[in-house]
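Quick caveat: nothing in here was measured; it's all calculated off a predicted structure. Residue indices begin at 1 and follow the sequence shown.
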Amino acid sequence: MSKCLIQGALNNVHKNYVVCGGSPSVRKIWGYVAVAFNQVDADRLAKVGPNRLCAEWVIKNGGGVRLTDSPSKLWKDYNLLPSENSKFHIKVVDASNSSVMKIGLEHFKGCTKIDTVIFHNCKHLEGDGLIGLTHLRDSLTSLQISGCYNMYDDDLQVIGELSNLKQLIIFDMSYVKNMDQVAANLKSRLPNCEMLFNKQ
C-alpha cells in the first residue's frame, strides 16, 4: 500500500499529519494507520450493521472470518464479502497475524453469533486489550490467545467473565510470568471449560 493511499484513513486520526512527502518515521505512520483501521465508524455501523462492519474490520486488519451460513469458508478478501444488501452473521473470527487493537474489539458489540475467536500473533493487542471480548460473553465458546507478546498475567483475567466458554487455548505468551497461576484462576472461574495452557 502506498503512502498516498493511506492518507484518507489517517484524516480522522491526525488531520495535520502529512503522509505524502515529509519524512516522519514509518513506524509512526503505521501506528496512526492501525488506530484508524480499528476505530468503529458509527456512520458505517448504522448503514450496514454490526456483523458486516465487524467482518470489514477484521479483514482490513489482516484477519479472516467464517459466516454461519458458510462455516467452511474463510473470508479474507474485503472485496469478496457478500453484498451490502445481504445480511449475514459471523461465526468465527480468525485474527491471526493481524493488527487488531483493543479499540477494535468494540466491533464485537451486536455480533451475537460469534462462537470462536483466535488471536494469534496479534502484536497490537496489549494491556487490557481483551476487555472487548465481554461483548461476546453470551455466544463465545472457543478462544485461542497465542503469540500476543504485549500481554501479561493480569491481562488474561477478563477471560474468566466469558461464562459460556467451553474451550480455551493459551500458549506462546512470553510476558506471562506465572502461567500456572493464570490457569488455576481461570479454571476456578470456568469449571466447565476445557483448557490448554503452555507458556512456550
Salt bridge (Lys or Arg N to Asp or Glu O under 4.0 Å) with [X]: which residues, sequence neighbours excluded?
X	value
K47	E84
R52	E56
D115	K91
E161	R137

Any non-hydrogen side-chain atom of [X] less than 4.5 Å from a side-chain atom of [Y]?
X	Y	answer
M179	I170	yes
E194	K166	no
I159	L143	yes
S99	N61	yes
L162	L136	no
S98	F119	no
L125	L105	yes

If you count heavy atoms of other groups shown closer than 6.0 angstrom to CG of D69, is the number above 12?
yes

Taking everything shown except Q157 itself, do over 12 heavy atoms lie less than 6.0 Å from its CD?
yes

Decide whether L186 and L196 are clustered together by the hydrophobic rule: side chain heavy atoms of Ile, Leu, Val, Met, Phe, Trp, Tyr closer than 4.5 Å, transitively.
no

Taking atom types as modelled, is there a side-chain donor on S146 or D172 under 3.5 Å from an acceptor on the other?
no

Looking only at side chains, do D138 and N164 share a donor and an acceptor under 3.5 Å apart?
no

Under a 4.0 Å N-O cut-off, is there an ion pair linking D94 with R66?
no

By side-chain contact (heavy atoms from CB on, under 4.5 Å), which residues pair with D153, not counting sequence neighbours?
V176, K177, N178, V182

For K109, which residues count as a side-chain contact (heavy atoms from CB on, under 4.5 Å) partner, sequence neighbours excluded?
H135

